[in-house]
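The next block holds one structure in the form of structure tokens; read it before the comments.
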Amino acid sequence: MSSTTPTPPPSSLTERRKAETRMEIARVAAGLFVRHGLRATRAEDIAQAAGIAPRTFYRYFATKEEAVAPLYATGAQRWVEAVRAAPPDGGVLRALEQGVHHTLTPGVGVSVSSWEWVRTLLRLAEATPSLGRVWAEVCQASERRLGEVLAERVTRAGSSGAGGVSETGGASGASGASGAGGASGASGASGADGASGAGGASGADGDSGVGGDSGVGDNVAVAGEVPVVTPDLRFAAAVAGAAVRAALEAWAAGDGPVEGPDGPVELALRNLAALRDFPWGQ
């Protein structure tokens, strides 16, 4: 498993401690990158600031760039789990929109103070190919997991006979969800998926973890049925992930506020409108 690949939730005390150490190193690395820049920061500097030996650093990460992968991965997990936890009766597009609100609204998924860290880390990923690869790997993993969650929701809706699969008018309640391509000006949309970088940097000041998990069990596939990620659902997951990613990168490329019509939430909702007529479950 690559050190940029999100790991499953730790099950033992030892694994939890290792996960905590990885996250602590990631926060320290992000802080140094934001304050001093990527080039001026060495792996040895990260190790010293984290209070560990360099050899310990390299047991967790192969390069200094990979050290921030847990932060990106936290945001990716938050995005996917928020989609999974959304009420089952609103349709898939509504679940994606609610995932955006949960993940990208300042003070909900990411603390208000963390958003400038998010902007800087996304700019660094755009400007530095080595860090951009880390961002892209985490995002691609997020896309795969999102496809699985979409398959679970479609399978659940199909098995229960619920009308929640239909997306006719499903986006009407989302503010700013009219029109796709709102973030088309993002020049940094290469190779990256989903919301991973958004909540990811939130770990810089301790906002780790995925909120909104209550009721997840009500939204997954029926026991005994294995959700199939069809080519159509893979495509939908890729489009949804790109919608959020492009919104984040477009916002990070400028100097505008995190809230408002040009903030990540509104940009992502406008982009997600591209899936309004997608034939979910058909």
Side-chain angles (χ1 to χ4, degrees), residues 34 71-72 74-76 78-80 82-83 85-87 90-127 135 139 142-143 146 167-190 192-202 204-205 207 211-212 236-278:
V34 169
L71 299 181
Y72 288 144
T74 296
R78 183 180 289 115
W79 151 248
V80 172
V83 174
V92 180
L93 181 57
R94 174 70 66 169
L96 291 168
E97 291 170 346
Q98 290 183 354
V100 164
H101 281 291
H102 177 82
T103 308
L104 303 184
T105 299
V108 179
V110 183
S111 71
V112 175
S113 62
S114 288
W115 274 99
E116 285 309 310
W117 289 63
V118 174
R119 194 195 303 266
T120 300
L121 288 176
L122 288 175
R123 286 178 174 179
L124 286 172
E126 166 64 15
W135 160 251
C139 292
S142 170
E143 181 182 310
L146 182 60
E167 294 297 338
T168 303
S172 60
S175 61
S178 61
S184 61
S187 60
S190 60
D193 170 6
S196 53
S202 67
D205 67 355
D207 294 345
V239 173
V244 177
R245 181 208 68 225
L248 285 164
E249 292 176 341
W251 169 77
D255 297 313
V258 70
E259 297 183 276
D262 294 320
V265 171
E266 296 300 329
L267 290 173
L269 291 175
R270 293 204 294 271
N271 291 349
L272 280 174
L275 289 172
R276 184 172 294 167
D277 297 322
F278 189 81

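Count residues from 1 along the sequence. Every heavy atom of this structure was used, including side-chain atoms; hydrogens, water molecules and symmetry mates were not.
- Within the 4.5 Å cutoff, no side-chain heavy atoms of V265 are placed close to those of E259.
- Checking side-chain atoms of W135 against main-chain N and O of L122 turns up no donor-acceptor pair under 3.5 Å.
- Note that CG of L146 and CH2 of W79 are 6.0 Å apart. Values are rounded to the nearest 0.5 Å.
- Residue R245 holds its CZ atom at 9.5 Å from CG of L248, rounded to the nearest 0.5 Å.
- W251 and P257 make their closest contact through NE1-O, 3.1 Å (heavy atoms, listed as atom of the first residue, atom of the second, distance).
- G99 and A82 get closest at one heavy-atom pair: CA-CB, 3.8 Å.
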Show your working on salt bridge (Lys or Arg N to Asp or Glu O under 4.0 Å) between R123 and E126 and close with a plain yes or no. CA-CA 5 Å; R123 286 178 174 179; E126 166 64 15; over 6 Å; no
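- Taking both residues in full, the closest heavy atoms of L275 and A236 are given as CD1-O, 3.9 Å, listed atom of the first, atom of the second, then distance.
- The two atoms that bring A268 and A247 nearest to each other are N-CB, 3.4 Å, heavy atoms only.
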Verdict with supporting geometry, L269 and H101, side-chain contact (heavy atoms from CB on, under 4.5 Å): CA-CA 9 Å; L269 291 175; H101 281 291; 3.6 Å; yes
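- The CG atom of L267 sits 10.0 Å away from atom CG of L104, with the distance rounded to the nearest 0.5 Å.
- Between Q98 and P87 the shortest side-chain heavy-atom distance falls below 4.5 Å.
- Atom CG of D255 sits about 8.5 Å away from atom CD of E116, to the nearest 0.5 Å.
- Between A237 and E143 the shortest heavy-atom distance is CB-O, 3.7 Å.
- At distances below 3.5 Å, not a single donor-acceptor pair connects side-chain atoms of R270 with backbone N or O atoms of A243.
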